[in-house]
Amino acid sequence: MAIEAETSSLGNALVVLGAAGIVIPAFARFRITPVIGFILVGLLVGPSGLGALAGDYPWLRHVTIRSPEDIALFGEFGIILLLFSIGLELSFRRLWQLRKLVFGVGAAELLVSGVILGGVLLMIGTLTPPAAFGLGIALALSSTALVLPIAGTRSAVGRASFSMLLFEDLAIVPIIFILGAFAPNAAGDNAQLLLTTLWQGALVVAVLAVAGWFLLPRIFAQAARAKDPELFLAASLLVVIVAALATATVGLSPIVGALLAGLMIAETEYHGEVEAITAPFKGLALGVFLISVGMGLNLATIARNWSTLLLAVVAVVVVKAVVTALLLRFSGARRGTAAEVGLLMSSPSETTLIVLATAYQAQLISRATAEFWQLVTAIGLTITPLLARVGHDVARRIEMKSADGESDDEAPVARTVIVGFGRVGHTVAELLREHGQPYVAVDADIDTVAAARRDGFAVRFADVVRPNSLDKLGLEHANAIVLTMDDPVQQLRMTRKLREKYPDLPIISRARDADHAGALYRAGASDAVPETLESSLQLAEAVLIDLGMAMGPVIASIHDVRAKMRHDIMTKGALDREPRIERLRPNPAGEDA
C-alpha cells in the first residue's frame with residue numbers, strides 16, 4: 001500500500017512538472033496565457049479524461065491524476081503564495097489609499113451582484129430565499145488567482161480589481177458563518193461564534209503586524225549576512241506558513257495571513273530578494289491549482305446540459321460585468337477602465353467552490369445543484385483569460401473614441417506637447433502633472449495610449465510620421481514640444497519641420513549621444529539631452545567610490561568629463577552658448593556642474 005501511494009504521488013508530480021515544462025513555453029510561443037493550457041491539461045489527465053481509462057490501461061496511472069483531492073492541497077498553497085507575492089508588491093500606504101475602493105466599490109459590487117443573482121435564482125428555481133441569495137453571493141465572488149496575475153496591481157485596472165478582490169477575500173469568513181446560521185439544524189450560537197472569530201482575527205492580525213515590524217528585519221538581516229539564497233527562501237516560506245496558520249487557526253482565511261506576510265516583508269529592504277526567490281514556486285503552485293480546476297470539468301455532463309450551462313455562464317458574466325462597470329463609473333473611473341474591470345471580474349471564483357461546498361454541507365442546496373454550479377464555476381474560470389482579452393479590446397476602443405471626441409471639440413490651450421509615450425515620455429508627463437503643468441502626449445501605439453489613458457494620463461493616438469498629424473494639437477498655442485521617440489532620423493526630420501513652421505516654439509529633444517545632440521541643435525532644437533551621458537557618469541562615479549577613491553577627485557573628474565561633453569556638443573551643434581547638461585541632483589561637494 002505504501003509503495004502504491006508513493007507511486008501515485010510520483011505520478012502526480014510527473015504530470016504537474018511535465019505540464020509546467022510543456023505548457024508554459026508552448027503557449028508563450030503563441031502569446032497565449034498558460035492559464036488555458038493548465039486547465040486543458042487538467043481536463044485531459046483528470047478523472048473525466050484519460051484518468052477514466054486508467055482501470056483498463058494500468059500504465060495511464062503514471063501520467064494521470066484520478067482524483068482532484070490528490071493535488072487540492074498544492075492548489076491551495078499556490079493561492080497562498082500568489083497572495084503573498086501580491087502583498088510584496090504593495091505597502092500599507094497603498095492599501096490605505098485604496099480604502100474607498102475596497103470598502104466602497106468592493107462591498108457594493110459583492111452585495112449588489114449577489115442580490116441580483118440571488119433574486120433571479122429565487123424567481124426561476126425551487127430554492128429557498130437563504131439558499132438562493134447564498135448561491136448568488138457565491139457566484140458574485142471573482143477569482144483572485146486568475147485576475148491579479150492578468151491585471152497586476154499597478155495600473156488603474158489592477159488597482160480597481162485588487163480592491164474588490166481584497167474585500168471579497170475578507171468577506172469569505174462572514175459569508176460561511178451566515179450560511180451555517182441558516183442551516184436547518186444550525187445551533188443558535190452562530191452569531192456569537194462569528195463575533196468571536198472576528199475579534200480573535202483582528203487580534204491575530206495586529207499581533208502579526210507588530211511582531212513582523214520588529215522581527216522580520218532582523219531575520220532577513222541574518223540571512224543576508226550569511227549570503228545564502230536558501231536561507232532567504234526558508235525564512236520567506238516560514239513567514240508565509242506561520243501567518244497563514246495563525247489566521248486559519250482563528251477561523252479567518254489563510255490567504256489573509258499570506259497577504260499580511262507579503263505586506264510586512266514589503267516594508268523591509270529585502271522585499272526584492274524575497275520576491276525573486278519565491279517567484280518560480282508561485283507560478284508552479286498556481287499551475288497546480290489550474291490543473292485541479294480543469295479536472296473539475298466533466299465533458300459528458302457538459303454535453304448533456306450544454307444549453308443550460310451556457311445560459312447560466314452568460315447570465316453570471318453579464319450581471320457581474322454590468323454591475324461592476326456601473327459601480328466603477330459611479331465612483332469616477334474612466335469608461336475604458338470600468339468596462340475592462342467589469343469583464344475581467346465577471347466570472348466566478350475558486351472561492352465560489354468553497355462557498356458552494358459550505359451551502360451543501362449546511363443542507364441549503366442539493367448535491368445536484370452544487371455540482372451544476374461547480375461546473376458553471378469551472379467553465380467561468382476557464383474563460384477568464386478570454387474575457388480579459390475581450391475587456392482589453394473593448395477598453396481600447398472606448399478610449400480611442402473618447403480621444404477622438406476630445407481632439408475634435410477641445411479648444412486650443414497653452415500646454416506642453418509630448419511626442420512618444422514610452423518610459424521617457426511617461427516620466428516627463430508624470431513630472432508635468434505633479435507640478436500642475438498642462439500637457440498632452442501622443443503615441444502611435446494604440447495599446448500604449450489606451451493603457452496610459454486608463455491610468456489618467458492625457459494621451460492621444462497619433463502617428464507623427466503622417467503629414468499634418470500634429471496640426472490638430474494646436475502647436476501654435478503650445479508652451480513647448482518634447483520629442484522622446486527613439487528614432488534619430490525621425491527626430492531630426494521633425495525638428496527641422498517644427499522649427500521652420502514655429503520659429504519661437506521651444507523644442508526639447510531626447511538625444512542618443514553628443515553627435516546626435518549636435519545634429520539636433522543644428523536642426524533647430526532648443527535643448528537636446530543625451531540619454532547616455534548622465535547614466536554613464538553616475539555609473540562611473542559609483543564604481544570609483546566603491547573602489548575606495550576619494551569623493552572630491554571623483555567629482556572633479558566627472559565635472560571635467562561633463563564640461564568636455566558640453567564643449568563637444570557646442571562645437572558640433574554650431575552653438576553660441578553652452579548646452580544645458582547639468583546634474584539633476586545636487587552633488588556632495590556642493591559645486592556647480
List the steps, then state whether side chain to side chain contact (heavy atoms under 4.5 Å, CB included) holds for T324 with S346. CA-CA 8 Å; T324 303; S346 60; over 6 Å; no
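- The residue from L101, V341, V105 that alone fulfils the side-chain contact (heavy atoms from CB on, under 4.5 Å) condition with S163 is L101.
- Residues L139 and V319 are not in side-chain contact: their nearest non-hydrogen atoms beyond the backbone lie 4.5 Å or more apart.
- S347 and T384 share a donor-acceptor pair across their side chains, judged by distance under 3.5 Å alone.
- Across every non-hydrogen atom of L343 and G391, the tightest pair is CD1-CA, 3.5 Å.
- I418 places a side-chain heavy atom less than 4.5 Å from the side chain of L432.
- Judged by distance alone, with hydrogens and angles left aside, the side-chain atoms of T247 form a donor-acceptor pair with the main-chain N or O of A244 at under 3.5 Å.
- No donor-acceptor distance shorter than 3.5 angstrom exists from the side chain of D443 to the backbone of G420, with no hydrogens or angles considered.
- Between the side chain of R389 and the main chain of P385, no donor-acceptor pair closer than 3.5 Å is present.
- Counting heavy atoms from C-beta on, the side chains of M345 and L165 come closer than 4.5 Å.
- Figure legend: cation-pi geometry between R433 and Y439 absent, as NZ or CZ is not positioned both under 6.0 Å from the six-membered ring centre and within 45° of its axis.
- Looking at heavy atoms from C-beta onward, S142 lies in side-chain contact with K320 at the 4.5 angstrom threshold.
- Using a 4.5 Å heavy-atom threshold, the side chains of V316 and W373 count as touching.
- Nearest heavy-atom pair across F133 and V115 is CE2-O, 3.6 Å.
- Between A138 and T352 the shortest heavy-atom distance is O-OG1, 2.7 Å.
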